[in-house]
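Throughout, numbering of the chain's residues begins at 1 and tracks the sequence.
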Amino acid sequence: MDFLPINIRISGARILIVGGGRVATHKASILSRFTDRATVIAPEVSDGIKSLPFQWVERNFAETDLEGVTLLFVCTGNHSLNHEIHQLARERGILTSVCDSPAECDFTSPAIYRNGDLTISVASDSKDVKRSIRVRDSIKELIEHDSLQID
């Protein structure tokens with residue numbers, strides 16, 4: 001196992017998503033369930049991201065964008081740019097998830113079920129994401145539709 005399952009306090013954290021396409025939209029949608037404070041930077045930002053409560057800027061990434069960042073999601077679709085941004089972030093000690101490249105991730109995003117203050121995450125070290133989603137969905141089914149009590 002490469003990843004330690006932990007929860008990270010994000011209140012007051014500066015969260016940056018670099019990329020504005022399908023993968024960035026998916027990550028931003030998940031993130032929006034936990035915070036309304038993040039910034040998205042990409043030459044083109046999807047309507048899905050624009051509908052979220054985040055700040056967004058339509059332009060290319062600049063190294064200065066990393067100043068003060070606590071948590072970084074790199075989702076550009078350009079593998080060499082993703083790698084370059086990851087290297088810059090690593091030099092600054094910024095926790096980084098390079099979407100679709102687990103080998104370059106300091107953290108990964110698990111399949112998440114949230115019900116009030118209860119959050120359940122299921123991860124597979126990014127080796128079987130679809131299985132993690134199936135397990136998460138089974139847990140959701142147990143809690144919402146069966147007799148499992150969470151109170």
Side-chain angles (χ1 to χ4, degrees), residues 1-140:
M1 182 172 214
D2 292 330
F3 296 97
L4 172 69
I6 62 172
N7 292 313
I8 297 174
R9 181 179 309 279
I10 59 171
S11 60
R14 180 155 183 256
I15 301 170
L16 176 63
I17 299 171
V18 180
R22 182 185 56 81
V23 174
T25 301
H26 176 71
K27 294 295 179 186
S29 295
I30 293 168
L31 189 58
S32 72
R33 293 165 42 202
F34 297 90
T35 185
D36 59 1
R37 294 178 39 123
T39 302
V40 179
I41 296 175
E44 189 173 326
V45 175
S46 74
D47 290 339
I49 289 174
K50 290 178 180 178
S51 72
L52 297 172
F54 300 145
Q55 294 180 344
W56 49 269
V57 181
E58 288 186 317
R59 65 166 171 75
N60 289 328
F61 168 81
E63 187 174 341
T64 56
D65 294 327
L66 297 176
E67 291 175 11
V69 169
T70 308
L71 204 59
L72 172 64
F73 294 87
V74 183
C75 314
T76 72
N78 177 329
H79 296 294
S80 61
L81 178 59
N82 288 353
H83 179 74
E84 178 185 335
I85 294 170
H86 174 252
Q87 291 298 94
L88 292 169
R90 175 169 272 167
E91 291 168 6
R92 290 161 178 75
I94 300 168
L95 287 176
T96 303
S97 176
V98 181
C99 300
D100 299 333
S101 182
E104 293 187 278
C105 290
D106 298 315
F107 68 94
T108 60
S109 299
I112 299 169
Y113 169 72
R114 188 163 190 196
N115 185 320
D117 289 337
L118 177 69
T119 302
I120 298 170
S121 61
V122 181
S124 65
D125 266 6
S126 293
K127 292 178 175 61
D128 194 345
V129 173
K130 290 181 180 180
R131 182 176 182 220
S132 297
I133 292 169
R134 285 193 311 272
V135 171
R136 185 258 338 256
D137 290 347
S138 294
I139 291 168
K140 177 181 177 182

Using residues 85-95 as the side-chain source, report each donor-acceptor pair under 3.5 Å to any protein atom, sequence neighbours left out, with the distance given to one decimal.
residue : atom : partner : partner atom : Å
H86     : NE2  : E104    : O            : 2.7
R92     : NH1  : L88     : O            : 2.8
R92     : NH2  : E63     : OE2          : 2.5

Is it true that, when you exclude R37 itself, more than 12 heavy atoms of the residues, nucleotides or ligands shown sit nearer than 6.0 Å to its CZ? no
For C99 and N82, which heavy atoms make the closest approach, and how far apart are they? O-ND2, 4.5 Å
Taking side chain as C-beta onward, heavy atoms only, is F34 less than 4.5 Å from I112? yes
For the atom pair OG1 (T25) and CG (L52), what is the distance rounded to the nearest 0.5 Å? 8.0 Å
To the nearest 0.5 Å, tell me how far F107 CZ sits from L71 CG. 4.0 Å
Indicate the atoms forming the closest heavy-atom contact of A42 with G19, along with that distance. CB-C, 3.4 Å
So which heavy atom on S51 is nearest to which on G48, and how close? OG-O, 2.7 Å
Verify side chain to side chain contact (heavy atoms under 4.5 Å, CB included) between I17 and L31, making sure each step is shown before the conclusion. CA-CA 10 Å; I17 299 171; L31 189 58; 4.1 Å; yes
Taking side chain as C-beta onward, heavy atoms only, is S124 less than 4.5 Å from R131? no
Between CZ of R14 and CG of D65, what distance do you get to the nearest 0.5 Å? 7.0 Å
What residue among T96, T39, V40 forms side-chain contact (heavy atoms from CB on, under 4.5 Å) with L16? T39
Would you indicate whether the side-chain heavy atoms of K130 and D128 approach each other to under 4.5 Å? yes
Can you find a pair of side-chain heavy atoms, one from C105 and one from F3, that are under 4.5 Å apart? yes
So, taking the atom named OG in S29 and the one named CZ in F54, what distance separates them when rounded to the nearest 0.5 Å? 8.0 Å
Donor-acceptor contact present, side-chain R114 to main-chain R33, <3.5 Å: yes
CG/N60 to OG1/T76 distance, rounded to the nearest 0.5 angstrom? 10.5 Å
Which heavy atom of C75 sits nearest to which heavy atom of K27, and what is that distance? SG-CG, 4.1 Å
If we only count heavy atoms from C-beta on, is the L66 to F61 side-chain gap below 4.5 Å? yes
Any chance you could measure L118, atom CG, to Y113, atom OH, to the nearest 0.5 Å? 7.0 Å
